Amino acid sequence: MPMSCYSSVTTVRLDAIKDAETPRVHSLPCEIEHDGPAEVSAYFSATAKERKHEKTVSFRGRGLKGQEVSCPKGYTGLILQEVHKPSSDQEDGVLKVSSVFNKFTYWNLDTPPSSDDGIVMAMSWPQVANAIHAPLED
Amino acid sequence: MATKKKRSPLRDASGWVVVAADSVVGAPEEGAGDPTFARLRNPSSGGASLYLFGGGDAQVYEVKAFAEDHRSWFVGETVQRDGRLLFITPMDPLYLLLPYIQEAGAEGKFQPANQVVTDEDFPGCSRLLRCTCALESLRLVADEKEVANQRFYRYNQQKTLDWLKRKVERTVSVLKRSDVSVGGGVKSATYVRVKSEVDASDEDYLRYAHGLVSEYVSEDLSKELLRHLQLPEISSPKEEPPSKKRKLSDKPVEAGEDYTKFNSADFARKPQKKMTVAQKSLAKVDKSGMRPMSAFFGPKVKQEKK
Amino acid sequence: MDLSQFEADNSVSCRLTSPIPETCKTEDCCLGIDEAGRGPVLGPMVYGICFCPVSRKEQLKELKVADSKTLREDQRESLFLKLDEAKNFVGWALQILSPNTISTSMLQRTKYNLNALSHDAAIGLVQYALDSGVQLKEVFVDTVGPAAKYQETLSKRFPGVEVTVRPKADSLFPIVSAASICAKTWTRTTALDTRTVSFYPKTKSWLLRHLDPVFGYPQFVRFSWSTAQTLLESKAVPVHWDDDEEDGDKAAARQNNTSMLSYFSRGDSSGSNTHTHRFFTERKLQNLSSL
C-alpha cells in the first residue's frame, strides 16, 4: 500500500469564470451515449412548447414533459471541464469553470413534473445541510 | 426488429454539472488560491469521501451527487452523458476533525491539534485545521489548555454530545420549517409519502434529525447521542418486548436508522474489529486506545463475518 | 439541413425548410406552390413551395423537373435529391398537416373547409419566404379549386407580387413542378403506416444524409418507422430509457450490478455505509469517493 493512497487533489481553476458562458441547461430522462457537440437549439430548444408552465418537447420520438428549476438561494450552477486529466489516481488533476447557470430545465419521460421528482427534492439538500453544518451560535 | 440496445460502459467523465455554494466561486481574496477537491476520511463510514477545500482552505465543503439512473445533460450545444448533479455545500470541519480528536482522547492526555490530526492515508486532513474557526471550534468537543502560547486539547465526550445535541435541535427547527417529510418512515410496497406533516410527532423530527447528524459521526457516537437525546434505542421485538422499550406510536420506525441490531448490552460486548494498516501503526504507538478507535474505523458489526 | 425555422408538433402541423440561398435574398425570385395528399384518406397533407431567382429558371429546367404526375416514384425522388443539392440557388419549404389537424379543423363548429385550409397553408408558406428575405416577384400556384378567386385573394394578400393561379400549373411552370416534387416526396415519407410505405433507396439515402447523430430526425419523422429506426440504431448514438426492454445479457448485468451501475460504482466506494439516511436515499443523493 502506498504511503498516501488518497493524497492527490484536483484543482478548480476560477480564472476562466469571468469568460464563462451562460448556456441553457437541460436534464434529460435518458442516457445518451455521447459526450460532445450536438445541435441542441435547432432540434430541441426550438421545438419545445410551453403551455401553462408545462413544457413539452420530444426527443427521439419520445414525449417529454419538463419544468424549470432554479438553483437554491446562495448557490450557483457551474459546469466544470477537465483541463488536465491525471494519468493515475496518484496524480493531481486540473478543472476549470467553463460555464455558469442559475436555472435549468429537467424533463420527465411522459410524466408531468411534480415536487416528488428526485431532482426537485434534491434541491432541498443545501437548506438541510446548512442546518447540520453552519457554525452554532454561542 | 432490431436488437436491443446494450449500454456501453461509461468512460471517465470529463465534465461535471455542479450546484455550488456561492462562496466556492465568489470573490476569493487575492492570492487565496483556487478551490481543490480532496479526499478525506468519511467520519461515519471511515472510508474515503470526496470533499472540496475553498481557496486558502478557509472552508471545507461536502460533495454529494444527485444520481438518477437514465439521465444525461444538454449544456448549451453539447451533450454530457453523465447525468449526475453534484452539490457542493459548506461543511462543519469539526465533524471531520472529531474522529482524530476522539481517537487521541483515548490516550487521556492533552495534545496539540496538529499532532493529533494526521492520517497517512489522508494527508489532506491537516488542511482542516486551516479552516476559519476550526481551531476555535475544537473546544466544543475537547478540553483546552494553553501552555507557553501553545494550545493542547483532550477529547471530552460530554461536550461532544452537547454540541451534537444542539446540532440536532437546530436541524429539527429547520426541518419543521421545510417541506421535508419526516413521518411514516418505512418504505413499503404500499408506501405513499404523506404530504401533510401534521401527523409527524416531535419524536419523529428528533429521530430524523438525529439520523441526519449521525451521517457525520461514528456509529458508536450516534448511539451515545441517541441516549443523550433521551430517545430509546429501538430494539428488535424478539430481544425485548416493544412495550418496555418505548411507548411505540403506530408509526413504523425509520428504515434508514436501524438500531434493532444493537442494544446497549451488545454494544459493551462488541468484539474488536480488524484494523487497517493505519490503525495498526497507530496501535503500535499506544495500545490503550484501541477499543474506541476500532469502534470508529471498523466495519459494522452486522457485516462482520471474519 | 437548416432547422432554424423548423417548428414541429406532431399533433398539429409542422414546417420543414431548406436553407435560404443567398442569391434569393438579393435577386428577384419566382416561387411555386403545390399540394399533395388530398387523395389518401389516412395520409397527411403536404404543401410545398420552391423558389429560385427568376434569372435561373432555365437552370431549373436543366434539372429536368417536369409535372410530377408523369414521374415514377424513383424518378421523383432522385429529382428531389437534385433539388436539395442545388441549394445554392433553389430553396424549398414544406408545411405538413397531420390527419388529425385536417379532421379537427374540418369538424370545427365554424366550418373550415379543405380549400380554406389549403389556402391558409399556402399563404403561410409565402409569408415564410417573404419573412426569410426572399425577394419575391412572381408566384405560381397550382389549384384544383376556382382559380380566379384564389388568384384575387393571393394578389390582395401579397401586393407587389405577381400571382398566377392555374389548374395543372405543375405541368406549365418548372418552379411549380419543383414544389410538387418536394411535396409529393414528403407525402410518401410521412404516410402513416410503415407496412404500406416502402422506402425507396433514394429516400433512404436522404434520410441517412440528414440523420443527426444525437437527435435523429426532425419530429415529424415518425421514429417508429422501421427504416428510420434501423438507421437510428446503426448510425446514431445509443440512447437508453428507463422503460427500454432489457435483453437477457443486460438483465443479467443489472442483477450483477455490473454495467448499468457504472456511474454508481464511482460513488461511495467504502460500501460500508449501508445505513444511509432516507433523506439521502429518497433524494438519490450519494457521497462520492472520486470525481
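Here is the naming used below: chain letters follow the sequence lines, and residue numbers restart at 1 for every chain. All values below come from the heavy atoms of this structure, side chains included, with hydrogens, waters and symmetry mates left out. Remember, predicted model here, so these are calculated numbers, not experimental data.
Here the CZ atom belonging to C/Arg283 is positioned 13.5 Å from the CD1 atom belonging to A/Ile119, to the nearest 0.5 angstrom. Taking CG of C/Leu285 as the start and CH2 of A/Trp125 as the end, the distance is 7.5 Å to the nearest 0.5 Å. Distance check: A/Met121 CE to C/Phe279 CZ gives 8.0 Å after rounding to the nearest 0.5 Å.
Chain C is approached within less than 4.5 Å, heavy atom to heavy atom, by A/Pro29, A/Cys30 from residues 19-30 of chain A, ordered by number.
Nearest approach of A/Ala38 to C/Val214, heavy atoms of both residues: CB-CG2, 3.8 Å. For the residue pair A/Arg60 and C/Val237, the shortest heavy atom distance occurs at NH2-O, 2.8 Å.
The contact between A/Val128 and chain C is made entirely by side chain atoms (from C-beta outward), counting heavy-atom distances below 4.5 Å. Only the side chain of A/Leu109 comes within contact range of chain C, with at least one heavy atom under 4.5 Å from a heavy atom of that chain.
Within the 4.5 Å cutoff, the side chain of A/Leu95 has heavy atoms near those of the C/Leu291 side chain.
Evaluation of the salt bridge (Lys or Arg N to Asp or Glu O under 4.0 Å) rule for A/Lys65 yields no partner, not counting sequence neighbours.
Between A/Phe59 and C/Trp241, the ring-plane angle classifies as tilted under the 30° and 60° cut-offs.
The environment of NZ in A/Lys103 is sparse: at most 12 heavy-atom neighbours from other residues, nucleotides or ligands sit within 6.0 Å.
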